[in-house]
Amino acid sequence: MILGTAGHVDHGKTALVRALTGVDTDRLAEEKRRGITIDLGFAPLRLDDGRLLSIVDVPGHEAFVRNMLAGATGVDLAMLVVAADEGVMPQTVEHVTILDLLGVTDGVIAITKRDLVDDEWLALVREDVRAAVSATALRHAEMVVTSATTGEGVETLRTAIGAAAGRVARRDGDDLFRLPVDRVFTVRGTGTVVTGTVWSGRLERDATVRILPGGMRARVRGLESHGAAMDAVLPGMRAAVALAGVDVRQAARGATVVADDAWRPSRLLLARVALLTALPRPLGPRTVVRFHLGTADVGARIVKAGGPIAPGERAGVRLVLDAPVVARAGDRFVLRGGSPLVTIGGGIVDDPQPAHWRSRPVARAADTADARLSALLDSAGLRGVELAPLPVRLGAAPRTVASLLAPGAPLVPSRSIGGRLYAASLLDELGRQTRDLVDEYHVRCPMAEGVAIESIRSALGVESDVADFVLDVLCHGNHLELKGAVAMRRGWSPRLSDADERRLLALRNTLEAAGREPPAVDELEARDGAAVLPLLRMLERAGEAVPVERHRYYAATAVREMLGTLAEGMRDGREYSPAELRDALGLSRKFLIPFLEYCDRSGFTERRPGGRVLAPRPGENGIA
Ligand SMILES: Nc1nc2c(ncn2[C@@H]2O[C@H](COP(=O)(O)OP(=O)(O)OP(=O)(O)O)[C@@H](O)[C@H]2O)c(=O)[nH]1
Ligand SMILES: [Mg+2]
């Protein structure tokens, strides 16, 4: 569990942390010299009941609010510190706003430097502080009067912290590991060490992690929490992670250490933002602001459909970032802008990995994993949604996502095909389209056996594994059947009108009469006056015609006869030249070469450098 300090510069935060823990968290020489905190400090606090809490001490100076943000992110509890002699000051208000935007909902308020004021003054300051937090999550926080100098109230403060800690919900250890990095340094003999608060999941020694956004892989060589070696670190713990094979320059504050493939950095986020009411003017899409999420701090533009965002407004937006950031659905962030920089608002991430640069903000706020999944499936349409990143894009633990997608009874009606998820309604619609397509085809081409599966795939405009899934469902549902590369309505057989029946017989007679040198398809068409290919295909399916060339069908009897001639005339193993075979078959060259190629194709003969030989088992091709 993490407690973060908050409050105006010089109000006594670091002194109180020291009074509580005995640790001086101002460790930099410059901090000592200037007497202020510049960067984050860390100290363990043993509570009365034995539990260990980590304190993150933040700077109060307005120049270091970005450091405060890197510390305040990921805390469970806040300790707002207000000096009794000065009362509520600008960073008191800004820090409270930031805690509120980050969704920190519990904590304690310490009115400190009690030794510097009298009772009357103290009473006024208490009232001011109550008013300052009245509209925030800290309005119910216990207020304790302290002095780091005399020690007054420090034990009461410790008890109040313990009570607040007792109200904090435990974080889920059975989730994806994520640690936003707040410090990176080198330890002699150990190498590069990164530190941070474990936001979710657990990490064990020797695990392999990635450092995002760079993507560098590394082995966890060692783990510590507050200086003690650990075998594993859990959510809500401070962790120092020693990484093998990583240069200190390959990680920095703002990076994120993850273990799972579901995490992906993105320069585009879909989110809901809320701007503070006190903002002087609306925020347009061209204004660059600072975006703070986790320990990351990057430039961002906020694009809302339909123009600028007004002070006090809440809106669904696209966040276009200067640099990629690792985020998860449900993550809170803070926005700062203007000059000098001040906190201007914040928000919640809806989709941390939009599929497309032009992805639109979600229409309705979705705060549950199933609502988010429905929204993702809707907007993905025929493209489907990749399964692997869902725990990140839905902001839910992998087992929660698995239960949403339980096979047979998915909470969100959907099917996974080839690593992607598709809305069930969409697949049903594709099924209807396919049935219509096949039915229409049968009406249009009653003589044809069915529709080429390939043309169904391209008509549906989906990945071929999705088309195959749809066809499979239709076959199992007894709507369709597949024969080779063709799909047809179940029980369908090609039909002929009386006139076409007559044309079919005429064609068959023509081919039979033409024998070894039949006319090509276009010649037959010229003679018939209409398309003959469907009829020829019917003859082919009936075994009465053979497409020896692409545009020339032979009567099956003629083919059988010629193959018989070859089988009789060719001796096993001997190679025959085309000239010899022409003499045997009595064909002109125009017909000879295509026919010999047909013989090779159908496995009747084999072509060798010295000529053709009879294939070992010529009877196997089904014609001879
Ligand atoms: N008299 C008195 N002085 C205090 C008390 N607590 C802190 N101080 C003094 O106030 C000054 C600032 O205290 P810090 O603890 O450094 O204040 P801080 O809030 O950590 O300041 P930043 O981190 O820079 O924002 C120091 O000189 C402290 O000695 C107190 O309870 N009584
Ligand atoms: Mg300090």
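Read the numbers this way: they start at 1 and go in the same order the structure lists the ligands and their atoms. Quick caveat: nothing in here was measured; it's all calculated off a predicted structure.
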salt_bridge(Asp322, Arg290) N-O dist < 4.0 Å
no
Minimum heavy-atom distance Leu270-Pro354, with the two atoms named
CG-CG, 3.8 Å
For atom 23 (O) of ligand 1, the closest protein heavy atom turns out to be Thr37 OG1, 2.6 Å
Tell me: protein heavy atom nearest atom 12 (C) of ligand 1, and distance?
Asp10 OD1, 3.1 Å
Which pair of non-hydrogen atoms, one from Ala164 and one from Gly107, has the smallest distance, and what is that distance?
CB-O, 4.3 Å
Do Asp231 and Arg205 meet the salt-bridge criterion of a basic N to acidic O distance under 4.0 Å?
yes
Considering only NZ, NE, NH1 and NH2 on the basic side and carboxylate oxygens on the acidic side, decide whether Glu152 and Lys113 come within less than 4.0 Å.
no
Near Ile36, which atoms of ligand 1 are under 4.0 Å from a heavy atom of that residue?
24 (O)
Might you check, step by step, whether the distance between atom 2 (C) of ligand 1 and some protein heavy atom is under 4.0 Å?
yes
Which protein heavy atom lies closest to atom 7 (C) of ligand 1, and at what distance to 0.1 Å?
Ala15 CB, 3.5 Å
Please indicate whether any nitrogen or oxygen in Leu16 is less than 3.5 Å from any nitrogen or oxygen in ligand 1.
no
Any N or O on Asp115 sitting closer than 3.5 Å to an N or O of ligand 1?
yes
Thr37 OG1 and Thr14 OG1 subtending at the Mg ion (ligand 2) (10° steps)
100°
So, applying salt bridge (Lys or Arg N to Asp or Glu O under 4.0 Å) with Asp331, which one of Arg393, Arg272, Arg178 is it?
Arg178
Stepwise salt bridge (charged side-chain N to carboxylate O under 4.0 Å, His left out) check, Arg202 with Glu204:
CA-CA 7 Å; Arg202 56 182 277 139; Glu204 292 178 9; 2.8 Å; yes
Check whether Arg126 reaches the backbone of Val145 with its side chain - one donor and one acceptor, N or O, closer than 3.5 Å.
no
Output the distance between atom CE (Met237) and atom CG (Leu53), rounded to the nearest 0.5 Å.
12.0 Å
NZ/NE/NH1/NH2 to OD/OE distance under 4.0 Å, Glu127 and Arg130:
no
Exactly one of Thr195, Thr295, Thr73 clears side-chain hydrogen bond (donor to acceptor under 3.5 Å, both in side chains) with Asp182, and that residue is Thr195
Taking only heavy atoms of Ala148, which atoms of ligand 1 are found under 4.0 Å from at least one of them?
6 (N), 30 (C), 31 (O)
How far apart are the C-alpha atoms of Glu86 and His11, what are their side-chain angles, what is the distance that settles it, and do they pass the side chain to side chain donor-acceptor pair (under 3.5 Å) test?
CA-CA 8 Å; Glu86 281 197 330; His11 273 206; 2.7 Å; yes
Atom indices of ligand 1, in the order listed, that fall short of 4.0 Å to a heavy atom of Leu116:
1 (N)
Counting each atom of ligand 1 from 1 as listed, which ones have a heavy atom of Thr14 under 4.0 Å away?
15 (O), 18 (P), 20 (O), 23 (O)
Taking only heavy atoms of Thr112, which atoms of ligand 1 are found under 4.0 Å from at least one of them?
31 (O)
Of all the atoms in ligand 1, which lie at a distance below 4.0 Å from a heavy atom belonging to Ser147?
31 (O)
Checking contacts now, so for atom 26 (C) of ligand 1, which I'm interested in, is there any protein heavy atom under 4.0 Å?
no
To which protein heavy atom is atom 8 (N) of ligand 1 closest, and what is the distance rounded to 0.1 Å?
Lys113 CE, 3.7 Å
Can you report which non-hydrogen protein atom sits closest to atom 13 (O) of ligand 1, along with the distance?
Gly12 CA, 3.7 Å
Please determine if Arg114 has a nitrogen or oxygen closer than 3.5 Å to a nitrogen or oxygen of ligand 1.
no
Looking only at protein heavy atoms, which one is nearest to atom 30 (C) of ligand 1, and how far off is it?
Thr149 OG1, 3.2 Å
I'd like to check whether Thr146 has a polar contact with ligand 1, where a contact means an N/O of the residue lying under 3.5 Å from an N/O of the ligand.
no
